[in-house]
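Working notes, structure below.
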2 protein chains.
Amino acid sequence: MIRPIGERINGMFKDIRIAIKEKNASVVQDYARRQTEAGAKFLDINVGTAAEDQCAVMKWLVEVTQEVVDTALCIDSQKLEVVKAGLEVAKNELLINSSKADPEELDVYMPLAKQYDASLICLTINKDGVPQDIDNRVMIAATILEKALEHEFDIDKIYIDPILLPINCDQAQAVMMTEVYSQIRIMSDPPPHITVGLSNFSQGTKEKSLLNRAILTMSMVAGLDAPVMDVLDKELMDAAITTDVVMNHMIYSDSYLKAGLAMITGK
Amino acid sequence: MIRPIGERINGMFKDIRIAIKEKNASVVQDYARRQTEAGAKFLDINVGTAAEDQCAVMKWLVEVTQEVVDTALCIDSQKLEVVKAGLEVAKNELLINSSKADPEELDVYMPLAKQYDASLICLTINKDGVPQDIDNRVMIAATILEKALEHEFDIDKIYIDPILLPINCDQAQAVMMTEVYSQIRIMSDPPPHITVGLSNFSQGTKEKSLLNRAILTMSMVAGLDAPVMDVLDKELMDAAITTDVVMNHMIYSDSYLKAGLAMITGK
């Protein structure tokens, strides 16, 4: 079944940026509750770029979120010290977002994740940047899995993000990416999870929901199971659960949408 | 790009059954126009089972349809004489629906199709019925393609229907079928087209449109390109065109839905 990562508690969104500035917990908590009800398995927590003391803001976001939900948290920052600040105050289940695939960076993040019993998102990015082709993405994923073995890191707690580019930036790569997901999934048994920033795909387009639904369905068939996405888009969540039932991940019944939501959230 | 076959001019639908009985051409012609505008590349024409003189009804349906649209027609009957009756009066481009894959039946239908410069839907059904597994469907498809070579039948005019069963009848086969489409598509260059009765998949379910959209998107990625479908379901047509743009079958633009419709219908 899909493991949606709710994208909405992120300082890049104006209402969250203002809530952070005004220390308005209720705006954050409202998104925490609504995303959880809508089917978020994880809540992404990202302070954005405007916050002055990013560590303090991360702690505050984690704390106010935990006051109202026990949903797993996806601690999202490119800065190690901000991630650490989030981990320190977290009580809920954890996913760290993210480590790049350079060996020396994985050697920091994997032990850190193990220390907090957290799962870890690893991007298929290294010192050379985002690879332009399939083979290099798959090769970098192999490096990640090798490092996980070295650190005795449970593969079921590895989430690989092969970097899905926006359709209006590289239209040819969308279908090629499904090949990347398939190849990564067969690299290991159990396979790692696959995540991408789904909304990124339709960024700057006019038909966001339609594009997100199409790329989600075709990607899920290839192995994507943990997209960072707009779980409050009901059409998108319905498409995700419908794809799961068509893929035979749950038994079909007339009330499969409701049953699927309960399976995702465990509630 | 998708080549949708509009399913609505079919005596199995009550309003068409009544229109046939009352010789009410305008009901049929209204569906002919509306389906064409909605993006039908072909209009399926099926007399249903209730009609008394099926040959006469087929002729009448073809004639009244041709009075208002020049859309290609999909002459749909299990009875050879009813198909022939349709072909005799047809002026528009033609697709015959359908021949089973028994060699002696293909030896009748392929020359008939060639005589009328028609394309031909071939079911992966033979004397043993619908195969229950992937391998047998693919093997029967190979028989169809061999027969096409023998008859010097243009492969680009062959539409193979591997028989998609309803989800509430065999839930496991939906994803397996995508494997069938992929394997059939690589059997020949150019590949044959792939068709299925899409509405059949969600027959008797409560979430028809959601299920049809999910199976359509995942099937198109594997090679399905000519589903018999409800083209009047705008959400479904939008999903089809969106899947085509994500698959890079047309250039992305903000108005891709409109551009895609024009590409499908050539208008």
Side-chain angles (χ1 to χ4, degrees), chain A residues 2 164-179 181-182 198 201-202 204-224 234-260, chain B residues 2 164-179 181-182 198 201-202 204-224 234-260:
Chain A
I2 193 167
L164 179 64
L165 298 172
I167 186 169
N168 54 14
C169 156
D170 184 351
Q171 194 181 343
Q173 49 92 44
V175 166
M176 287 191 285
M177 288 298 287
T178 62
E179 188 55 33
Y181 310 148
S182 301
L198 199 72
F201 179 68
S202 59
T205 69
K206 274 182 70 178
E207 301 288 353
K208 290 190 170 58
S209 185
L210 271 174
L211 288 164
N212 290 346
R213 277 178 260 163
I215 192 76
L216 180 59
T217 293
M218 64 177 74
S219 301
M220 283 176 69
V221 175
L224 172 72
K234 177 145 192 328
E235 289 267 34
L236 184 61
M237 276 302 294
D238 284 353
I241 297 171
T242 301
T243 302
D244 263 321
V245 80
V246 172
M247 289 175 74
N248 207 19
H249 289 168
M250 58 179 291
I251 293 172
Y252 174 81
S253 74
D254 274 353
S255 54
Y256 76 86
L257 287 175
K258 208 176 153 189
Chain B
I2 193 168
L164 179 64
L165 299 172
I167 187 171
N168 53 14
C169 158
D170 184 351
Q171 195 181 344
Q173 48 90 44
V175 166
M176 287 191 287
M177 287 297 287
T178 63
E179 189 56 33
Y181 310 149
S182 302
L198 199 72
F201 179 67
S202 59
T205 69
K206 274 182 70 176
E207 301 289 353
K208 289 190 170 58
S209 184
L210 271 174
L211 288 164
N212 290 346
R213 277 179 261 164
I215 192 75
L216 179 60
T217 293
M218 64 177 75
S219 301
M220 282 176 69
V221 175
L224 173 72
K234 179 150 192 322
E235 290 267 34
L236 184 61
M237 275 302 294
D238 284 353
I241 297 171
T242 301
T243 302
D244 263 322
V245 81
V246 173
M247 289 175 75
N248 207 18
H249 289 169
M250 59 180 288
I251 294 171
Y252 174 80
S253 73
D254 274 353
S255 55
Y256 76 86
L257 287 175
K258 207 175 151 187

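Letters A, B, ... are given to chains in the order of the sequence lines, protein chains preceding strands, and every chain is numbered from 1.
With respect to chain A, the highest number of heavy-atom pairs below 4.5 Å among B/Ser219, B/Ala174, B/Ala172, B/Gly204 belongs to B/Ala172. Residue with the most contacts toward chain A among B/Ile241, B/Ile251, B/Thr178, B/Ile215: B/Ile251 (heavy-atom pairs, distance under 4.5 Å). Considering only heavy-atom pairs separated by less than 4.5 Å from chain A, the leading option among B/Ala239, B/Ala214, B/Ala222, B/Ser253 is B/Ala214. Here B/Glu207 is the residue among B/Met176, B/Met220, B/Glu207, B/Gln173 with the most heavy-atom pairs under 4.5 Å with chain A.
Of the possible polar contacts, one joining the A/Gln171 side chain to the B/Met250 backbone as a donor-acceptor pair under 3.5 Å is found.
Taking 4.5 Å as the limit, every side-chain heavy atom of B/Thr217 sits out of range of all side-chain heavy atoms of A/Leu216. With contacts defined as side-chain heavy-atom distances shorter than 4.5 Å, the pair A/Tyr256/B/Thr205 does not qualify. At least one side-chain heavy atom of A/Val246 sits less than 4.5 Å from a side-chain heavy atom of B/Met218. Using a 4.5 Å heavy-atom threshold, the side chains of A/Leu211 and B/Val245 count as touching.
When heavy atoms are compared at a cutoff of 4.5 Å, B/Leu257 approaches chain A solely by way of its side chain, counted from C-beta outward. Only the side chain of B/Val221 comes within contact range of chain A, with heavy atoms under 4.5 Å apart.
Here OG1 of B/Thr242 is found 4.0 Å from CG of A/Leu210. Values are rounded to the nearest 0.5 Å. Distance check, rounded to the nearest 0.5 Å: OH of B/Tyr252 to SG of A/Cys169 gives 12.5 Å.
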